[in-house]
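Accompanying notes for the structure given below.
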There are 2 protein chains.
Amino acid sequence: MDESAVSTAAVPSTAERILDAAEDLFAAKGYSATSLGDVADRVGIRSPSLYNHFKNKEALYEAVLERLLAEFSGPLAELDGGPVTNERVFYWLEAIVRQHHANPNLARLLQHAALSGGPHTNELIDRLFRPMFRPDAKIEGEGITLFENTGLQPWAVMAFNNLVMSYVTMAPMYRDLLGQDPFSETALENQLNLIKVLLHAVFEYKGDMTEAP
Amino acid sequence: MDESAVSTAAVPSTAERILDAAEDLFAAKGYSATSLGDVADRVGIRSPSLYNHFKNKEALYEAVLERLLAEFSGPLAELDGGPVTNERVFYWLEAIVRQHHANPNLARLLQHAALSGGPHTNELIDRLFRPMFRPDAKIEGEGITLFENTGLQPWAVMAFNNLVMSYVTMAPMYRDLLGQDPFSETALENQLNLIKVLLHAVFEYKGDMTEAP
DNA sequence: ATCGGAGGCGCGATTATTCACATTGGTCTT
DNA sequence: AAGACCAATGTGAATAATCGCGCCTCCGAT
């Protein structure tokens, strides 16, 4: 009765293969610049056959988004509860970075959505980022009154998020410039080290930032 | 002979108005998703008339790029020569941030190019960023052996650049979340403060970063 | 009168989408 | 076991819209 008695990893269904292809293409070219013909070509079928699995282009896009959101929901929600310490924030960031490293498509898709809109953009943003800005999720360590009393905290969260996501979306630009594959294992370690340094530096920062520029 | 004897800001020529419209649209939707019909509509003419001013779509795109590069070449090249101190780096970053704030289109266009390619992408990247990674442009202050002896320095440059550019490209996402216009004057001050803090923090950071995660 | 610049028209390619149809696999009936 | 049935899934052809782009005409300012 099993699809395969040898391996537990079943052969992907056509719908899944369509999702895989569509995810890559939507992430690379955005919603409107992606043609269903391209998607079908990658799967190895004709474009009308796509309509046996998805109602239309927009429904396919929604399905891609849904799968990506589910994939990233775990690490993103992992900071709920407990004290927000330097260490915990870093491990949280590390998990997110590794997730984006393993699948860069969400960041790319999100960047396209932020730039050009596209269907369900507002809902997408809400579901991903609203939890990060809930008032009860404030960073309240010991040394870091830094952001709180200056109103910078949400912007700091935004900055670190940008740091992580733009590493993915800008990566192609740096492949040549840095002479290294941004998605290699050593590059990942480099990025993690850098984030760690920035985070430690910010957590330990005691300087005055009220002086006028 | 002058276009206007009354005001030094002459009424923009049709070619310039086409460039303005095309810049906005290319920046918002990317190269292939932008139609010449949309451009013509914004200008208020029919799309065939565009060909009286530009050879084809690609030439129009090149012209947009050229104008943007010229607009940003000033601040970007301003760090050449002299010691690279904390203060100088910050004022350099501040100039760039203000430039992107005044015209966000270059960052958006660059992000599209990084994600989807498009004509002349490699040349574009080279002309903008190659100078930032010239070996003679190393950051060699006093306190900051931080990046040099760990090989992180180019990645740090990349990170701060990402910070600046993704503020622009991700801005639409944060408009709702933060309840503030990211391009307002106070938001600009916020971003500058945050960058200042990060930069100071990194410059003053004396921690150990050789420990294994 | 000349000529740059705008519009009208239309070709060929590509797009998303629909439809009629062929083929498959499995299930139910006999 | 054999044949009838059906749902799932593929195909090619066709449609309407939109795209980039070239050709030609005409108008208005110099």
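A:Thr34 places a side-chain N or O within donor-acceptor distance of the main-chain N or O of A:Leu25, the cut-off being under 3.5 Å. Distance alone, capped at 3.5 Å, is enough to place a donor-acceptor pair between the A:Tyr167 side chain and the A:Pro182 backbone. In terms of modelled atom types and a separation under 3.5 Å, the side chain of B:Ser116 and the main chain of A:Ala28 share a donor-acceptor contact.
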A:Glu62 vs A:Lys55, salt bridge (charged side-chain N to carboxylate O under 4.0 Å, His left out): CA-CA, chis, key distance, verdict
CA-CA 11 Å; A:Glu62 288 173 29; A:Lys55 179 171 157 289; over 6 Å; no
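Using the six-membered ring where Trp is involved, A:Tyr174 and B:Phe129 have ring planes that are tilted, between 30° and 60° apart.
For DNA chain C, the neighbouring residues in residues 52-61 of chain A, judged by any heavy atom under 4.0 Å, are A:Asn56, A:Lys57. Of all the residues in residues 25-35 of chain A, A:Thr34, A:Ser35 reach under 4.0 Å from DNA chain C with at least one non-hydrogen atom.
Electrostatic pairing of A:Glu189 and A:Arg98 counts as a salt bridge here, judged by a charged N lying under 4.0 Å from a carboxylate O. A salt bridge links A:Asp20 to A:Arg67: one of the charged nitrogens lies within less than 4.0 Å of a carboxylate oxygen.
For CD of A:Glu87, the number of neighbouring non-hydrogen atoms (other residues, nucleotides, ligands) closer than 6.0 Å is 12 at most.
The span of DNA chain D lying next to chain B, judged by atoms under 4.0 Å from heavy atoms, is bounded 5' to 3' by D:dC19 to D:dG22.
Annotation for A:Leu163 and A:Gln191: closest pair O-NE2, 4.1 Å, computed over non-hydrogen atoms.
Counting to the nearest Å, the C1' atom of C:dG7 and the CG atom of B:Asp41 are 14 Å from each other. Atom P of nucleotide C:dG4 and atom CG of B:Leu50 are separated by 18 Å, given to the nearest angstrom.
Cation-pi geometry between A:Lys57 and A:Phe26 is not met: the NZ or CZ atom fails to fall both under 6.0 Å from the ring centre and inside 45° of the normal.
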